[in-house]
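Just below is one structure, and these are the notes that go with it.
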There are 2 protein chains.
Amino acid sequence: MSSKKSPTRAVRRGKPARRAPLSRERVLRAAVELADAEGLAALSMRRLAQALGVEAMSLYNHVAGKDDVLDGMVDLVVGEIEAPAVGGDWKAAIRRRAVSAHEVLLRHRWAPLRVVSTLNIGPAMRRYVDATIGCLTAAGFSYALADRAWNAIDSHIYGFTLQQLNFPLAPGEYASAAQQFLHLIPPEQYPHMHAMSRLVIDGKHDGLQDFTFGLDLLLDGLERLLERTKAAV
Amino acid sequence: MSSKKSPTRAVRRGKPARRAPLSRERVLRAAVELADAEGLAALSMRRLAQALGVEAMSLYNHVAGKDDVLDGMVDLVVGEIEAPAVGGDWKAAIRRRAVSAHEVLLRHRWAPLRVVSTLNIGPAMRRYVDATIGCLTAAGFSYALADRAWNAIDSHIYGFTLQQLNFPLAPGEYASAAQQFLHLIPPEQYPHMHAMSRLVIDGKHDGLQDFTFGLDLLLDGLERLLERTKAAV
DNA sequence: TTGACATACTTACGCTGTAAGCCACAATGT
DNA sequence: ACATTGTGGCTTACAGCGTAAGTATGTCAA
């Protein structure tokens, strides 16, 4: 069995060219790629190490453990979100930030669940939060109101995206899927849900959700609040 | 070793009084209790069986597997939410529904993550959705608009609650916690976040989030949309 | 009484995260 | 030039997970 153990070492001695060394950065990027491609469930320390051409325990020289990997992945993803500019049109800036966050989270389908279930204080997250607060206060919001506003916007981002990701149908399949599941919604028990399903089946309602619908409701409401506080002064 | 196997059977033969039989209902209720008390992470099939005085595999006579347990738990929790009345003041009804959902989800801290990550079509969820659609359409919303409205409200419920649960501090500790973590937010790099933290430390901003802030922004916006569509007719 | 059936228990498999120890190599101090 | 030390990767091992498969027990109908 010692002959089974040797080869890798023999090879390494013969080839002094070593493999690219690991680093926290490389580990995290590989983790994001793996999760993007195969889902969070497929991300185990062994699979991740395999993708890097390394054994599982080697990762522990660069990350503290799986939780650390997941936290690092979240911060990497948050770094992709467009931070709002401070000064200028606050409403447009915050809107762009929200739309950007939505897009990024859709790109990394595993991310929203982690973002909302980790107390994340990585550098990308801090930069992102700082720019948001700055944008709002520069526009005239008090810190207290900016805090509430930011929280409401983010609630919409996370809540909407999670619901959207959870919904497993491609837009085109929606009508036929509604047809298929209609028997679960008998009209006697669920008259309104049944009626809406019929509209979807008949092509009279696409059933598609629009991220900006709720977003604009919030932004318009915030704008009115801001004008009111300005008028009061 | 056969003597090790016998006692339970001997006891059972001696005591013809049998333990309460399992049922899907009993299993699910025990699962909710366990998750409420010790968190979702502590809920394994073995622990759940133990809580019911039974072996793990016995549960599989009543539930299809762990996923089925989790889905059933979600539907049980959704059943606790107050469904809105159809007809009458839609705004008050939808508001009560949202506040009720928020309270229920805070009672079962493990639930929001599961609600947004399971395609759940259990009976309680259907009843809940049906009443919501009915309430909105009875108020004059078109089905398409009711669909968007309902989605926006639920996005707020899930997003807000998840953020709130994720935030690990009790209200009283907030100021002192901000003090403790202030060094992570140097004013040169994060001026606005730093400024807000200072306000919290100095007691000038409580930092508490209000569920109804974003909710009322949405409801007021929806009301305006409704009036506009009515005026157009 | 006997057979069928439902329920519960036992065993076993492949997976997980990670603690502990080992070993080869590179850099450093002498 | 040589010994020393530290670093990063490897191997092994452990406890726990969900659950497939097989077995034993208790209840009820014929």
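Order of the sequence lines fixes the chain letters, A, B, ..., with proteins taken first and strands second; residue numbering starts at 1 for each chain.
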How long is the line joining [atom1] of [X] and [atom2] of [N], in whole Å?
| X | N | atom1 | atom2 | result |
| --- | --- | --- | --- | --- |
| A:Tyr60 | C:dT16 | OH | P | 11 Å |
| B:Met45 | C:dC9 | CE | P | 14 Å |
| B:Gln50 | C:dT10 | CD | C1' | 17 Å |
| B:Arg24 | C:dA6 | CZ | P | 18 Å |
| B:Leu48 | D:dC17 | CG | P | 12 Å |

Of residues 63-73 of chain B, the positions that come close to DNA chain D - non-hydrogen atoms, cut-off under 4.0 Å: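 Result for residues 63-73 of chain B: B:Gly65, B:Lys66, sorted by number.
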Whether B:Ser197 side chain and B:Met193 backbone form a donor-acceptor pair below 3.5 Å: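 Judged by distance alone, yes, a pair lies under 3.5 Å.
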Test item: B:Ser23 side-chain N/O and B:Arg26 main-chain N/O as donor-acceptor pair under 3.5 Å: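 Answer holds: yes.
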Within the 6.0 Å centroid threshold, strictly below: B:Phe160 and B:His156: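 Yes; B:His156 has its ring centre under 6.0 Å from that of B:Phe160.
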Choosing from [options], which nucleotide comes nearest the side chain of [X]?
| X | options | answer |
| --- | --- | --- |
| A:Asn61 | D:dC17, C:dT7, D:dG8 | D:dG8 |
| B:Met57 | D:dC17, C:dG17, C:dT11 | C:dT11 |
| B:Glu55 | C:dA20, C:dT10, D:dG9 | C:dT10 |

Residue B:Arg29 excluded, over 12 heavy atoms near CZ under 6.0 Å: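 Atom CZ in B:Arg29 is not packed in, count stays at 12 or less.
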More than 12 heavy atoms from other groups under 6.0 Å of CZ on B:Arg127: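 Yes - once you tally the heavy atoms of other residues, nucleotides and ligands closer than 6.0 Å, there are more than 12.
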Test side chain to side chain donor-acceptor pair (under 3.5 Å) applied to B:Gln209 and A:Asp147, step by step: CA-CA 8 Å; B:Gln209 292 297 339; A:Asp147 203 5; 3.3 Å; yes
OP1 or OP2 of C:dA6 under 4.0 Å from side-chain N/O of B:His62: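 So the side chain of B:His62 is outside the cut-off, no N or O lying under 4.0 Å from OP1 or OP2 of C:dA6.
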B:Ser58 side-chain N/O to C:dT7 phosphate OP1/OP2 under 4.0 Å: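 So the side-chain polar atoms of B:Ser58 never come under 4.0 Å of the phosphate oxygens OP1 or OP2 of C:dT7.
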Modelled atom types, side-chain donor and acceptor of A:Gln164 and B:Asn151, under 3.5 Å: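 Checked: A:Gln164/B:Asn151 side chains show no N/O donor-acceptor pair below 3.5 Å.
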SB check A:Arg109 A:Asp36 (cutoff 4.0 Å):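 Judged by the 4.0 Å cut-off on N to carboxylate O distance, A:Arg109 and A:Asp36 do not form a salt bridge.
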What side-chain donor-acceptor pairs closer than 3.5 Å can you find for residues 176-186 of chain B, not counting sequence neighbours?
{"residue": "B:Ser176", "atom": "OG", "partner": "B:Glu173", "partner atom": "O", "Å": "2.9"}
{"residue": "B:His183", "atom": "ND1", "partner": "B:Gln180", "partner atom": "O", "Å": "3.2"}

Pairwise N/O distances under 3.5 Å, protein to nucleotides 12-15 of chain C:
none

